[in-house]
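Presented below is the structure to which this report refers.
Note on naming: letters A, B, ... go to the chains in the order of the sequence lines (proteins, then strands), and numbering restarts at 1 for each one.
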Amino acid sequence: MPELPEVEVVRLGLAPAVTDAVVTAVDVFDERALTRHDRTRGDFAARLVGRRMSEPQRRGKFLWVPLEPLVGRLAEGEWRPDAVLAHLGMTGQLLLREAWARPDDEPHVRMRIELRHPSLGELAVFFRDQRTFGSLALDELIATDAGDAVPGQVSHIARDPLDPLFDDRAFLSALTLKNSAIKRVLLDQGAISGVGNIYADEALWAARIHPEQPANTLSRAKAKLLLAEIRVVLAKALTEGGTSFDAQYVNVNGQAGYFAHSLNAYGRQGTPCPRCGAPIVRVSFMNRSSHFCPRDQRLR
DNA sequence: CCCCTCACCTGATCGC
DNA sequence: TGCGATCAGGTGAGGG
């Protein structure tokens with residue numbers, strides 16, 4: 001599910017159920033669900049049980065749930081992480097379930113986290129993930145220069161374009177230094193986070209930019225237009241609940257999003273460009289695909 | 001430092 | 001019907 005709008009849909013769905021809830025049990029069915037967790041620092045389940053969660057946060061495609069500080073003296077060698085971090089990879093899902101729901105009644109449930117919520121009572125969060133590129137981890141929050149805090153594993157990525165503190169000027173000037181294809185830069189989470197293959201293609205289509213146009217050849221005006229279109233497409237996808245092609249992307253209640261109906265380029269090879277009518281083409285790019293209109297997204 | 005390729009997985013679909 | 005090739009929303013390690 002995993003670009004910014006889909007992850008934000010999950011965050012919004014998770015919030016009322018996990019905020020103020022206490023973790024009562026953790027069952028890990030597949031260790032690959034913990035590939036991002038550094039187990040030399042402590043066992044995931046043991047360190048998480050008993051902790052109270054606060055409101056879920058997100059940067060780009062990373063989601064995390066801060067944990068309320070523990071009181072009392074730190075035991076010798078004790079590690080007290082302050083967030084549960086999640087990345088959904090290609091097919092990860094976080095699903096709200098009744099406490100009695102059985103994990104083996106559905107495929108690919110890699111982990112179950114049981115919670116006690118002060119008003120909702122007992123409930124469970126299932127982490128499902130067909131391809132196992134997603135994972136959870138315990139992590140420490142690190143303060144940023146701007147005064148907010150992000151997990152250590154998130155500190156290397158840029159802010160996302162829906163973050164009020166995203167630095168437009170820094171992003172635009174970074175583009176002038178990069179000789180890479182603009183689409184490659186959009187997918188580089190260190191330059192701008194939250195954009196993946198779908199929304200990169202959609203934003204480039206909207207801004208009429210060829211995906212392989214070198215970033216440093218874009219005019220300032222064109223680059224600003226692209227950034228604006230990125231924000232438009234991400235925000236619109238969010239209001240429509242994200243993009244679902246199949247059952248892989250669903251919200252915390254298992255429901256699909258509607259944005260697939262609004263796609264102009266992604267996955268639409270052979271169909272007329274909604275703007276000019278020329279057939280959309282699909283080309284291989286970076287071990288995946290780019291979709292664009294060959295008539296009004298010309299390489300210059 | 002910058003840029004790029006590849007490995008990591010499972011499952012659906014398509015062509016022969 | 002079977003089977004191999006190809007493809008799918010992502011990330012990060014490591015090589016040049």
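- When the side-chain contact (heavy atoms from CB on, under 4.5 Å) test is applied to A:Ser180, the partners found at least two apart in sequence or on another chain are A:Arg184, A:Val185.
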For residues 76-86 of chain A, which side-chain donor-acceptor pairs fall under 3.5 Å, sequence neighbours excluded?
{"residue": "A:Glu78", "atom": "OE1", "partner": "A:Ala75", "partner atom": "N", "Å": "2.9"}
{"residue": "A:Glu78", "atom": "OE2", "partner": "A:Arg80", "partner atom": "NE", "Å": "2.9"}
{"residue": "A:Trp79", "atom": "NE1", "partner": "A:Glu140", "partner atom": "OE2", "Å": "2.6"}
{"residue": "A:Arg80", "atom": "NH1", "partner": "A:Gly72", "partner atom": "O", "Å": "3.1"}
{"residue": "A:Arg80", "atom": "NH2", "partner": "A:Arg73", "partner atom": "O", "Å": "3.2"}
{"residue": "A:Asp82", "atom": "OD1", "partner": "A:Leu141", "partner atom": "N", "Å": "2.6"}

Acceptor/donor pairs from residues 60-68 of chain A side chains to any protein atom, 3.5 angstrom cut, sequence neighbours excluded:
{"residue": "A:Lys61", "atom": "NZ", "partner": "A:Val195", "partner atom": "O", "Å": "3.2"}

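- Across residues 174-191 of chain A, A:Gln189 each have a non-hydrogen atom less than 4.0 Å from an atom of DNA chain C (numbered order).
- Of the residues in residues 194-203 of chain A, those with a non-hydrogen atom less than 4.0 angstrom from any atom of DNA chain C are A:Gly196, A:Asn197, A:Ile198.
- Residue A:Lys61 places no side-chain N or O under 4.0 Å from the OP1 or OP2 atom of C:dG9.
- Within the structure, salt bridge (charged side-chain N to carboxylate O under 4.0 Å, His left out) pairs that include any residue of residues 201-228 of chain A comprise A:Lys183-A:Asp201 (at least two apart or interchain).
- Applying the under-4.5 Å side-chain rule to Ile, Leu, Val, Met, Phe, Trp and Tyr, the cluster around A:Val283 extends to A:Val281, A:Phe292.
- Here the range on DNA chain B touched by chain A, meaning any atom under 4.0 Å from one of its heavy atoms, is B:dC3 to B:dG11.
- Applying the side-chain contact (heavy atoms from CB on, under 4.5 Å) criterion to A:Glu240, with sequence neighbours excluded, gives A:Lys236, A:Tyr258, A:Phe259, A:Ser262.
- Phosphate contact (OP1/OP2 of C:dG12, side-chain N/O of A:His87, threshold under 4.0 Å): absent.
- With sequence neighbours excluded, the residues that form a side-chain contact (heavy atoms from CB on, under 4.5 Å) with A:Val109 are A:Phe29, A:Pro103, A:Glu106, A:Phe126, A:Arg128.
- Here A:Thr91 does not reach the OP1 or OP2 of C:dG9: none of its side-chain N or O atoms lies under 4.0 Å away.
- Taking 4.0 Å as the cut-off between side-chain N and carboxylate O, A:Arg97 and A:Asp105 do not count as a salt-bridged pair.
- The number of heavy-atom neighbours closer than 6.0 Å to CZ of A:Arg116, taken from other residues, nucleotides and ligands shown, is 12 or below.
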* Given Watson-Crick or G-U pairs with both distances under 3.5 Å, what dot-bracket string fits DNA chain B, with | for other-strand pairs and [ ] for crossing? -> .|||||||.|||||||
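- Not counting sequence neighbours, the partners of A:Arg268 by the side-chain contact (heavy atoms from CB on, under 4.5 Å) test are A:Leu263, A:Thr271.
- Across all strands shown, A:Arg288 has heavy atoms under 4.0 Å from base atoms, whether or not it also approaches the sugar-phosphate.
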